[in-house]
Amino acid sequence: MRATENEVFEASDFVEMTSFYAFSAVGLGNINHYILKQPESKFDSRDPVKKRVSSIPVLAPKEDQILRTVRVTATGYTAGYESTGKKPGHKQYGITYSGVKVKRDKNKVSTIAADPRVFPLGSILYIPEYGYGIVADTGSAIKGEKIDLYFATTKQVYAEWGKKEVEVQVIKRGSGKCTEEMLDKLGEAIETYHFLPSSVLEEAI
């Protein structure tokens, strides 16, 4: 018999919380040891219940993970000519100051630009309504307490962000570098736990 929508939600919530407390109890340790593959759903891909169950937003960091909270002016930018002066085909198109490719993934981690004197490269911030961002880029107009959030298109910049005054939470001060390996580790952790465990922060940066 087909499960009702409420039954699906209850089962999903139970599994999520059980996994969460299990990971907390063991202290997480090496992330690769605890990453579990989610079983494939038996629901049809067009089933709205499946879509809602699998869409779990990332969680804000725990209080004891927050190093400081900073009020900043946050704008949005793209890899395009309007933001960087580069066009597709340019050898540096879509490449940040740190050398990694621009990335926007609200379910994992995105690349952002900041003033390295305020937020060194590799710093990890939680930005409300945007998600987790790692400082991988800089900008001539991004000075002081300003940050620039990467989006794939200008349409997304205007529709999803624009310009806002927000309080960002700094959970890791960068060491002055950002690598693809760091992005992969952080993204894998957020996709698995929906937040960034402290042990992962220590291993990734």
Review item, side-chain donor-acceptor pairs of residues 136-147, under 3.5 Å, at least two apart:
unit_1: Asp137; atom_1: OD1; unit_2: Tyr97; atom_2: N; d: 3.0
unit_1: Asp137; atom_1: OD2; unit_2: Tyr77; atom_2: OH; d: 3.1

Would a 4.5 Å heavy-atom cut-off, applied to side chains only, mark [X] and [Y] as touching?
{"X": "Val135", "Y": "Leu125", "answer": "yes"}
{"X": "Leu149", "Y": "Thr75", "answer": "no"}
{"X": "Ile112", "Y": "Asp148", "answer": "no"}
{"X": "Arg68", "Y": "Val170", "answer": "yes"}
{"X": "Arg173", "Y": "Pro120", "answer": "yes"}
{"X": "Leu196", "Y": "Ile171", "answer": "yes"}
{"X": "Tyr93", "Y": "Pro88", "answer": "yes"}
{"X": "Val166", "Y": "Trp161", "answer": "yes"}

Task: Residues Leu186, Ile124; criterion side-chain contact (heavy atoms from CB on, under 4.5 Å); working and verdict - done: CA-CA 10 Å; Leu186 295 170; Ile124 302 173; 3.7 Å; yes
Could you pull out the closest heavy-atom pair between [X] and [Y], with the gap in Å?
{"X": "Gly94", "Y": "Ala79", "value": "CA-CB, 3.9 Å"}
{"X": "Pro197", "Y": "Phe195", "value": "CD-O, 3.3 Å"}
{"X": "Val102", "Y": "Thr111", "value": "CA-OG1, 3.4 Å"}
{"X": "Cys178", "Y": "Val100", "value": "O-CG1, 3.3 Å"}

TODO: With sequence neighbours left out, write down each residue that passes salt bridge (Lys or Arg N to Asp or Glu O under 4.0 Å) with Asp115, or none if nothing qualifies.
DONE: Arg117
Open item on the list: Which residues pass the salt bridge (Lys or Arg N to Asp or Glu O under 4.0 Å) test with Lys108, not counting sequence neighbours?
Closed with: Glu191
TODO: Applying salt bridge (charged side-chain N to carboxylate O under 4.0 Å, His left out), run through Lys172 and Glu202 and close with a yes or a no.
DONE: CA-CA 9 Å; Lys172 187 68 178 179; Glu202 295 304 321; 3.4 Å; yes
Open item on the list: Strictly by salt bridge (charged side-chain N to carboxylate O under 4.0 Å, His left out), give each pair with a member in residues 91-107 just once, sequence neighbours left out.
Closed with: none
Task: Neighbour count >12 (heavy atoms, 6.0 Å) for atom CD, Glu165 - done: yes
Task: Lys/Arg N to Asp/Glu carboxylate O, Glu129 vs Lys164, below 4.0 Å - done: yes
Open item on the list: Considering only residues two or more places apart or on different chains, which pairs with a residue in residues 109-142 satisfy ring-ring contact (aromatic ring centres under 6.0 Å, His included)?
Closed with: Tyr126-Tyr132, Tyr130-Phe151
Open item on the list: Is the terminal nitrogen or CZ of Lys87 (NZ for Lys, CZ for Arg) located under 6.0 angstrom from the six-membered ring centre of Tyr81 and within 45° of that ring's axis?
Closed with: yes
Open item on the list: Once side-chain hydrogen bond (donor to acceptor under 3.5 Å, both in side chains) is applied, do any residues pair with Glu82, and if so which ones, sequence neighbours excluded?
Closed with: Thr78
- [ ] Could you go through the side-chain contact (heavy atoms from CB on, under 4.5 Å) check for Ser198 and Gln65 one step at a time?
- [x] CA-CA 7 Å; Ser198 297; Gln65 288 184 304; 3.2 Å; yes
Test of understanding: clusters of I, L, V, M, F, W, Y form through side-chain heavy atoms closer than 4.5 Å, transitively. Do [X] and [Y] belong to the same one?
{"X": "Leu121", "Y": "Ile134", "value": "no"}
{"X": "Val200", "Y": "Val109", "value": "yes"}
{"X": "Met182", "Y": "Ile95", "value": "no"}
{"X": "Ile127", "Y": "Ile66", "value": "no"}

TODO: Decide whether Gln169 and Thr69 meet the rule of one side-chain donor and one side-chain acceptor closer than 3.5 Å.
DONE: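 No, no side-chain donor-acceptor pair sits under 3.5 Å.
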Open item on the list: Strictly distance-based, threshold 3.5 Å: is any side-chain N or O of Thr84 a donor or acceptor partner for the main-chain N or O of Gly80?
Closed with: yes
Open item on the list: I'd like to know if the side chain of Glu160 and the backbone of Gln156 have a donor-acceptor N/O pair within less than 3.5 Å.
Closed with: no
